[in-house]
Amino acid sequence: GGGFGGGGFEFHDIGQARETSFDDLLSSLFGGGRVDFGEAFGRGAPQGPRKGRDIEGEISVPFEAALTGTTVPLRIDGGGGGRSLDVKVPQGIKDNSKLRLRGQGGPGQPRGDILLTVRVEPSLQWQRSGDNLETKLSITALQAYRGGPVDVQTPWGDVTLKLPPGSQSGQTLRLRGKGIQYTSANRKAGDLMVTLEVKLPPPGDKGLLEALERLQGETVPA
């Protein structure tokens, strides 16, 4: 998956297909998706209307798209023709979450559902921990020692983070409310945890080396 919006996925209606061939089809499309035919048709159920099969599949969305929410186009092909659906992926969804599209599965009374497993692709910039996000921020030795404001990129735009004087590499600072966010007012936004990485200038600066020797020559790190 590349940018936001995901890609197209195909489901094939099983109205007149044999059970074995449909199971094989799902396996090839979704890497192991399957239908439990016993549950779909109700073992031992009396004669009468039967609920259609529930069809299982997977969709993949980029990490950033899962943070903000997105829509994935879904193509369903059947013996009577094809149709398209727009699958709404809610904001803040977790990896391996389930989405149910009611009445979009196999034919019956009522029709079955489509059960989608959402795979959230990993990000090189963000890691998720519950409702919090974690990221790393590179700063210079001067910024770390002096402290003061630095710009931090968040999924919701750049914000200013105030470094305390004498910040250390590996120190983690918190940006409240800049983690996972939800459209529901009942769900509190998470925080963004920023871990500092102090980057030293390249070697060869004699004046800097002499200054560090003067300041830290006899210092033993705690």
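Computed from heavy atoms alone, side chains included, the values below leave out hydrogens, waters and symmetry copies.
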(request) State whether the side chain of Gln127 and the backbone N or O of Thr135 hold a donor-acceptor pair below 3.5 Å, judged by distance alone. (result) no
(message) I want to check something: taking the side chain as every heavy atom from C-beta on, are Thr172 and Val194 in contact at a cut-off of under 4.5 Å?
(response) no
(request) For residues Ile139 and Ala144, report the shortest heavy-atom separation together with the two atoms involved. (result) CD1-CB, 3.7 Å
(request) Evaluate side chain to side chain donor-acceptor pair (under 3.5 Å) for Lys199 paired with Thr140, printing each intermediate quantity in order. (result) CA-CA 5 Å; Lys199 301 294 185 180; Thr140 67; over 6 Å; no
(request) Could you tell me whether a side-chain N or O of Asp54 sits under 3.5 Å from a main-chain N or O of Asp113, the two making a donor and an acceptor? (result) yes
(message) Are Met193 and Val152 connected into the same hydrophobic cluster when the rule is that any two of I, L, V, M, F, W, Y join if their side-chain heavy atoms are below 4.5 Å apart?
(response) no
(message) Side-chain heavy atoms nearer than 4.5 Å, only ILVMFWY residues, links allowed to pass through others: does that put Val159 and Leu137 together?
(response) yes
(message) Check whether Thr70 reaches the backbone of Ala66 with its side chain - one donor and one acceptor, N or O, closer than 3.5 Å.
(response) no
(request) State, yes or no, whether a side-chain contact exists between Thr183 and Pro90 at a heavy-atom distance under 4.5 Å. (result) no
(request) Mind listing the closest non-hydrogen atom pair of Glu134 and Leu192 along with its distance? (result) N-CD1, 4.3 Å
(request) Might you confirm whether atom NZ of Lys98 has over 12 heavy atoms from other residues, nucleotides or ligands at distances under 6.0 Å? (result) yes
(request) Report the residues that fulfil side-chain contact (heavy atoms from CB on, under 4.5 Å) with Lys188, sequence neighbours left out, ordered by chain and then residue number. (result) none
(message) Donor-acceptor pair, distance only, cut-off 3.5 Å: does the side chain of Arg111 make one with the backbone of Gly105?
(response) yes
(request) Taking the side chain as every heavy atom from C-beta outward, state whether Leu99 and Ile93 have any atom pair closer than 4.5 Å. (result) yes
(request) Over all heavy atoms of both residues, which pair between Gly130 and Arg128 is shortest? Give the atoms and the distance, please. (result) O-NE, 2.8 Å
(request) Could you tell me whether a side-chain N or O of Trp126 sits under 3.5 Å from a main-chain N or O of Gly179, the two making a donor and an acceptor? (result) no
(request) Give the cluster check for Leu175 versus Leu67: same hydrophobic cluster or not, with ILVMFWY residues linked at side-chain heavy-atom distances below 4.5 Å. (result) yes
(message) When you measure from the side chain of Ser129 to the backbone of Asn132, do you find a donor-acceptor pair of N or O atoms at a distance under 3.5 Å?
(response) no
(message) Could you measure the distance from the CG atom of Asp191 to the CZ atom of Arg174? Nearest 0.5 Å is fine.
(response) 5.0 Å
Donor-acceptor list for residues 160-169 side chains, cut-off 3.5 Å, not counting sequence neighbours:
residue, atom, partner, partner atom, Å
Ser167, OG, Pro164, O, 2.6
Gln168, NE2, Gly166, O, 3.1
Ser169, OG, Val198, N, 3.3

